[in-house]
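Here's the structure, in C-alpha cells; my notes come after.
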Number of protein chains: 2
Amino acid sequence: MRIAEVSEKYDISPDTLRYYEKVGLIPAVNRTGSGIRDYNEMDLKRIEFIKCMRNAGLPIEALTEYISLVLQGDQTIDARKEILKVQRELLVTRMNEMQKTLQILDTKISVYEGTLLKKEKEMVQKDKAF
Amino acid sequence: MRIAEVSEKYDISPDTLRYYEKVGLIPAVNRTGSGIRDYNEMDLKRIEFIKCMRNAGLPIEALTEYISLVLQGDQTIDARKEILKVQRELLVTRMNEMQKTLQILDTKISVYEGTLLKKEKEMVQKDKAF
DNA sequence: TTTTGACTTAAAGCCAACTTCAAGTATTAT
DNA sequence: ATAATACTTGAAGTTGGCTTTAAGTCAAAA
C-alpha cells in the first residue's frame with residue numbers, strides 16, 4: 001500500500017507518516033525498486049497503534065524509546081513494561097483532571113440553561129469566578 | 001496577595017501568571033501604589049478555574065473568548081453557553097480516546113506480566129503491532 | 001511522448017503555550 | 001545605606017509536533 005492510500009485510510013498526512021518513520025515511531029517501511037514506500041499489514045497495525053497512543057497524548061519520545069526496545073528483542077521486556085506503566089499512570093492522572101473539568105463545565109452549562117434548583121444555584125454562585 | 005505567593009499556591013510561575021493576564025485569560029489584577037499586582041479572592045478563584053480548564057487541555061483562545069464575553073455582560077449568555085458546550089463535547093471525545101488507549105496499555109502490561117489466560121494471549125498476539 | 005501527479009529528501013518554517021532575557025525600578029534584610 | 005531580592009515591561013527564545021518548501025525523480029494517463 002502506498003503512502004497516499006495509508007494517509008487517507010488513517011487520516012494522517014503523508015508528511016506526518018514520513019516524519020513518524022524518520023523519528024523512529026514506525027520502523028523503516030519497505031520500498032519498491034524505485035524507492036517508494038510500500039506499507040504491509042504489520043506497518044498498518046503499527047500506524048494504528050501509534051495513532052491511538054498519540055491521540056491520547058503519549059509523547060513521541062516515550063513511544064520511540066518503547067519501539068526501539070521492542071526492536072532490540074526479549075531482554076528489554078522489563079524496561080518496556082516500565083515505560084508502559086509510567087505512561088499509563090500519567091494517562092490516568094490526566095483523565096482524572098479532565099473528569100473534574102467536565103463536571104465543572106456541566107455545572108456551568110446547567111446554570112446557563114437555568115436547569116438547577118434554587119439551592120444548587122446559590123451554592124454554585126458562591127464559588128463562581130466567571 | 002502578591003504574585004510570588006500566588007505562584008507558589010497554585011504552582012504556576014509568575015511569568016505564566018503575567019502571561020495569562022496579558023492574553024486575557026484573567027482580567028487585569030489590581031495594583032499597589034507602586035504598581036505591584038495585588039491578587040484578591042476573585043482573582044484567585046479565576047486562576048483556579050483557568051488552571052483547571054488548561055489542565056484539561058481547553059485552548060487558551062476558547063477561554064479568552066469566553067472570559068471576554070463574561071466581562072461584556074448578560075447579553076452574551078447564549079454565546080458563552082455555546083462555547084462551553086463545544087468545549088465540553090471536545091473534552092468528552094478526548095476522554096473517550098484516552099479510555100480506549102488505557103485499555104490497550106492495560107492489555108499490553110498484562111501480556112508483559114504474563115497474567116493473561118492462554119486463550120487471551122493468543123487473541124492479543126494476533127492483533128499485535130509492537 | 002509529454003504532461004500530470006505522486007513520490008523522494010533535507011531543511012526551514014509554523015503554531016501554541018509558555019519561558020527566558022534584558023534593562024530597569026521597588027522593597028526588604030542586614 | 002547598601003546589597004539582595006522581587007517586581008516591572010516588551011521582546012526574543014524554546015519545545016513539541018508537525019507542516020511546508022525546494023529541488024528533484026519516477027510513473028501512469030492522454
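We name chains A, B, ... by the order of the sequence lines, and we start the count at 1 in each one.
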Compute both the distance and the angle, then confirm whether B:Lys51 meets the cation-pi test with B:Tyr20: under 6.0 Å from the six-membered ring centre, within 45 degrees of the axis.
no
Whole Å only: how far is the CG atom of B:Leu58 from the P atom of C:dC18?
12 Å
Checking A:Lys81 against A:Tyr66: charged group under 6.0 Å from the ring centre and within 45 degrees of the axis?
no
Taking NZ from B:Lys22 and P from C:dT19, how many angstroms apart are they, rounded to a whole number?
14 Å
Between B:Glu5 and A:Ser13, name the one whose nearest nucleotide on DNA chain D is closer to the 5' end.
B:Glu5
B:Arg94 side chain to B:Ala56 main-chain N or O, any donor-acceptor pair under 3.5 Å?
yes
Without decimals, in angstroms, what is the distance between A:Glu21 CD and C:dT9 C1'?
12 Å
Tell me, please, the opening and closing nucleotides of DNA chain D, 5' to 3', among those with an atom under 4.0 angstrom from a non-hydrogen atom of chain B.
D:dC7 to D:dT9
Starting at CG of B:Asp15 and ending at C1' of C:dA16, how long is that distance when rounded to a whole Å?
17 Å
So among A:Val86, A:Leu84, A:Asp78, which one has a side chain to side chain contact (heavy atoms under 4.5 Å, CB included) with A:Glu82?
A:Val86
Determine, for A:Arg88 against B:Asp106, whether the closest basic-nitrogen to carboxylate-oxygen distance falls under 4.0 angstrom.
yes
Can you check the B:Asp11 CG to C:dC18 P distance for me, whole Å?
13 Å
Just verifying a value: how many Å separate A:Met42 CE and A:Ile26 CD1, rounded to the nearest 0.5 Å?
13.0 Å
Using a 4.0 Å heavy-atom cut-off across all strands, classify B:Arg54 as base, sugar-phosphate, or nothing.
sugar-phosphate
Using a cut-off of less than 4.0 Å, is there contact between a side-chain N or O of B:Tyr19 and OP1 or OP2 of C:dT20?
no
Look at B:Glu113 together with A:Lys85 and state whether they make a salt bridge at an N to O cut-off of under 4.0 Å.
yes
Just the rounded figure in Å: distance from C1' of C:dT25 to CD1 of B:Ile3.
16 Å
Please list, in numerical order, the residues of residues 25-41 of chain A that have a heavy atom closer than 4.0 Å to any atom of DNA chain C.
A:Arg31, A:Gly35, A:Ile36, A:Arg37
Would you compute the distance between atom OH of A:Tyr39 and atom CG of A:Leu17 and round it to the nearest 0.5 angstrom?
4.5 Å
Interatomic distance, OG1@B:Thr16 vs CD1@B:Ile50, rounded to 0.5 Å, equals 13.0 Å
According to a strict under-4.0 Å criterion, is B:Thr16 in side-chain N/O contact with OP1 or OP2 of C:dT19?
yes
For A:Pro14, report the nucleic acid contact type (base, sugar-phosphate, nothing); a contact means any heavy atom under 4.0 Å.
nothing
Option passing side chain to side chain contact (heavy atoms under 4.5 Å, CB included) with A:Ile60 (candidates A:Met53, A:Glu65, A:Arg54)
A:Arg54
Expected list for residues 91-99 of chain A near DNA chain D, using heavy atoms below 4.0 Å, is none
Side-chain (A:Glu97) to main-chain (B:Cys52) donor-acceptor, under 3.5 angstrom:
no
